[in-house]
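Both counts, for ligands and for their atoms, begin at 1 and track the order of listing.
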Amino acid sequence: MTRPERGSSVQAPGQIGLPPVLQRPDLPVRARLTAGSAVTLWIVRPSWLWRRELAALAVLVAVAVAGWLARGWLGGLLAAGWLASSVALIPWTRHRAVRVWRRGRLRRHWDRACRYASLTTVNDRIPRIRKARTVPAGDRLLVRVPRGATVGELEAEAERVAAVLRVREVRVVRDLDRADFAYVDVVRRDPFANPRDPNVSDPIPWPWVGGGQRSLRDPIPVAVDDMGDEITMRLEGKNILLGGEPEAGKSAALSLLLAAAALDPTCEIWGFDAKRVELAMWRPVMTRLVTNDTDEAISTMEDLIKEMDRRYELLESAGRRVLAPQDAPIILMPVDELRFFTAHTDKKAARHFNSLAVDLVARGRAARIIAALATQKPSSDVVPTSLRDLVALRWGMRCNTRDASDTIMGAGMASNGFDCSDIDRRTRGVGLLHAEGSMPRRCKSYYLDDNEIRDIVARGAALRRLTAGDGWV
Ligand SMILES: Nc1ncnc2c1ncn2[C@@H]1O[C@H](COP(=O)(O)OP(=O)(O)OP(=O)(O)O)[C@@H](O)[C@H]1O
């Protein structure tokens with residue numbers, strides 16, 4: 001007999017003239033309720049889920065009974081009151097009690113959500129919470145799926161689980177080493193929304209703001225994700241593309257990379273700034289700065305390509321494939337407002353710039369030349385696919401459309417749920433950061449104000465003078 005499709009209905013044979021009877025043959029037949037299963041269903045399972053609360057109640061009752069036995073009913077009342085008020089008044093016990101109660105409530109809600117989402121196995125097991133921690137956006141759980149189930153099934157029902165839990169979203173990511181473990185993010189709120197004034201995006205200070213010398217080879221802290229975890233970025237051997245609508249926070253994000261480069265005195269910065277004011281503050285630590293002059297931009301690009309070829313010749317003559325730190329400095333090439341150069345009205349100049357940029361981005365990584373390209377118009381005429389696909393790191397701030405989002409994040413990303421046009425316009429600096437080998441993460445960049453930038457630039461310039469051999473700073 002062929003099994004009808006899930007959710008379909010068939011007409012049962014009935015008497016002629018009666019309305020058709022719809023059946024749901026796909027519904028599982030319930031087992032008969034025995035005394036044992038009733039006890040399990042209505043007593044054992046709820047008691048297990050309430051076990052911590054029941055244990056606390058049992059202790060309270062035991063203390064009250066002890067008091068009653070010793071001093072009568074007044075003694076019982078006083079003993080129970082003393083225990084309850086001690087737990088409530090001592091901060092340590094109060095926090096612990098609240099935490100235990102919250103965890104218990106989370107487990108009960110999770111249990112109910114999994115059962116409503118039909119995530120039970122044939123022997124009535126559901127994915128179990130092994131660890132839980134509270135994060136700014138809600139809860140992060142480590143969940144183990146029971147035998148016979150897969151993490152994929154939990155992922156497929158994430159939306160249903162979220163609806164039962166009454167939260168914004170439930171995200172499921174399988175553990176790389178264990179197929180039965182999954183990280184589940186229960187997103188209850190937007191941690192980047194400012195509850196005091198939703199129109200103001202509260203800046204998060206950059207952890208390296210007050211520090212001394214740094215290396216661009218180290219992981220650079222750039223953002224905090226919505227689970228409260230810091231996101232770092234390794235720039236060496238990579239390129240990065242930043243895109244988003246005006247005022248979305250691209251220049252602020254780019255300034256973090258510039259700040260890290262400024263604090264590394266061995267690093268050279270060759271900047272392209274079509275708006276003239278975005279990189280102007282960094283001029284003291286820059287080797288070259290091109291503004292809105294396409295001819296100069298092209299000749300600087302050509303110089304960079306010459307430098308790249310010189311580095312490859314050096315490697316060839318030394319019989320090596322990898323450039324050592326002492327061979328040549330890292331060059332950071334920030335471009336603020338890519339559109340001005342790649343989609344310039346002088347089509348010939350724009351084509352020339354594009355071909356140089358593609359060559360530099362394609363071959364520059366091993367020669368330690370890092371391109372950091374920012375654009376406020378993420379469209380294919382501004383960011384040619386031939387250029388975008390060579391860039392490993394993508395950072396999409398709020399975009400106007402799904403297409404614009406896909407131009408930065410990659411084709412099809414928006415329909416897979418990674419859509420920068422979903423980001424709230426008011427939460428400036430929030431975006432999706434897509435690093436190689438991982439899924440894009442929603443995050444908010446750290447922020448440097450003008451005074452902090454001035455301070456970092458002064459320190460960077462002093463470090464450069466010191467490295468160049470000047471005895472004074
Ligand atoms: N991470 C952040 N935290 C807090 N505020 C931010 C953040 N990033 C940006 N902002 C706010 O948004 C404003 C615009 O940021 P920014 O200049 O970086 O945007 P942009 O995308 O480069 O804009 P444009 O394309 O017009 O140059 C900043 O002046 C700042 O007030």
Side-chain angles (χ1 to χ4, degrees), residues 136-137 190-209 220-233 240-260 262 271-282 289-292 334-343 371-379 382-383 393-401 404-405 407-409 420-433 440-454 456-457:
D190 181 358
F192 303 134
N194 184 347
R196 280 169 282 114
D197 183 355
N199 291 311
V200 176
S201 182
D202 267 347
I204 313 173
W206 192 46
W208 285 5
V209 71
I220 306 163
V222 289
V224 176
D225 75 5
D226 54 6
M227 293 288 123
D229 292 333
E230 181 173 275
I231 300 186
T232 57
M233 194 182 272
I240 176 165
L241 176 64
L242 295 123
E245 65 179 29
E247 296 279 290
K250 303 172 297 293
S251 304
L254 191 63
S255 68
L256 300 171
L257 309 183
L258 279 154
F272 295 73
D273 181 8
K275 287 186 273 178
R276 302 187 74 103
V277 290
E278 297 294 353
L279 303 187
M281 289 177 81
W282 302 95
L289 176 60
V290 181
T291 53
N292 55 345
V335 183
D336 204 335
E337 213 27 66
L338 191 63
R339 183 199 56 78
F340 180 84
F341 304 105
T342 57
L373 315 169
T375 178
Q376 60 175 216
K377 188 168 182 286
S379 57
V382 173
V383 192
L393 304 168
R394 321 266 177 85
W395 197 343
M397 302 286 174
R398 190 195 137 80
C399 292
N400 282 321
T401 61
S405 174
T407 308
I408 301 298
M409 306 308 291
C420 299
S421 65
D422 276 351
I423 296 168
D424 188 338
R425 183 166 278 124
R426 297 166 300 178
T427 53
R428 299 220 169 113
V430 174
L432 293 173
L433 180 55
R441 283 160 82 183
R442 191 166 178 275
C443 59
K444 178 169 178 174
S445 72
Y446 292 116
Y447 186 71
L448 290 170
D449 64 27
D450 287 358
N451 287 333
E452 286 166 338
I453 292 180
R454 263 191 284 276
I456 288 171
V457 169

shortest atom 4 (C) of ligand 1-to-protein heavy-atom contact is with S201 O, 3.4 Å
Does any N/O atom on A252 come nearer than 3.5 Å to any N/O atom on ligand 1?
-> yes
Residue-ligand contact K275/ligand 1, heavy atom below 4.0 Å | yes
If you count the atoms of ligand 1 from 1 in the order shown, which ones are under 4.0 Å from a heavy atom of P246?
-> 23 (O), 25 (O), 26 (O)
Of A374, G244, S445, the residue with the heavy atom nearest atom 1 (N) of ligand 1 is S445
Going by the order shown, which atoms of ligand 1 are within less than 4.0 Å of some heavy atom of Q376?
-> 24 (P), 25 (O), 26 (O)
Ranked by distance from atom 7 (C) of ligand 1, the top protein heavy atom is Y447 CD1, 3.6 Å
Does P203, backbone or side chain, put an N or O under 3.5 Å from an N or O of ligand 1?
-> no
What about I204: any of its N or O atoms under 3.5 Å from an N or O on ligand 1?
-> no
K275/N292 under side chain to side chain contact (heavy atoms under 4.5 Å, CB included): CA gap, chis, key distance, verdict = CA-CA 7 Å; K275 287 186 273 178; N292 55 345; over 6 Å; no
Working for salt bridge (charged side-chain N to carboxylate O under 4.0 Å, His left out), residues R425 and E245 | CA-CA 9 Å; R425 183 166 278 124; E245 65 179 29; 3.3 Å; yes
For ligand 1, is there an atom lying under 4.0 Å from some heavy atom of A248?
-> yes
Heavy-atom closest pair (L241 atom, V383 atom, distance to 0.1 Å) is CD2-CG1, 3.8 Å
Using atom types as modelled and distance alone, determine if a side-chain donor or acceptor of T342 lies under 3.5 Å from a backbone N or O of V382.
-> yes
Ligand-residue contact atoms, ligand 1 with K444, heavy atoms, under 4.0 Å = 3 (N)
First locate atom SG of C420, then atom CE of M409, and finally report the distance between them rounded to the nearest 0.5 Å.
-> 5.0 Å
So is there a nitrogen or oxygen of E247 less than 3.5 Å from a nitrogen or oxygen in ligand 1?
-> yes
Does the side chain of W282 reach to within under 4.5 Å of the side chain of I453, using non-hydrogen atoms?
-> yes
For atom 10 (N) of ligand 1, the closest protein heavy atom turns out to be R428 CB, 3.7 Å
P191 and side-chain contact (heavy atoms from CB on, under 4.5 Å): which partner among V224, V430, D226, T427?
-> D226
Between CG on residue L373 and CD on residue E337, distance to nearest 0.5 Å | 11.0 Å
What atoms of ligand 1 come closer than 4.0 angstrom to any heavy atom of E245?
-> 21 (O)
Please work out whether any backbone atom (N, CA, C, O) or any side-chain heavy atom from C-beta onward of E278 is under 4.0 Å from ligand 1, and answer side chain, backbone, both or neither.
-> side chain
Taking heavy atoms and a distance under 4.0 Å, where does K250 meet ligand 1: side chain, backbone, both or neither?
-> both
To the nearest 0.1 Å, how far is atom 16 (P) of ligand 1 from its closest protein heavy atom, and which atom is that?
-> G249 CA, 3.8 Å
Show the numbers, then the answer: is there a side chain to side chain contact (heavy atoms under 4.5 Å, CB included) between D336 and S251?
-> CA-CA 7 Å; D336 204 335; S251 304; 3.1 Å; yes
Any donor and acceptor pair, going by atom type alone, linking the side chain of R398 with main-chain N or O of G431 inside 3.5 Å?
-> no
Nearest protein heavy atom with distance in Å, relative to atom 17 (O) of ligand 1 | S251 CB, 4.0 Å
For a salt bridge (Lys or Arg N to Asp or Glu O under 4.0 Å) with R442, tell me which candidate from D190, D225, D422 qualifies.
-> D190
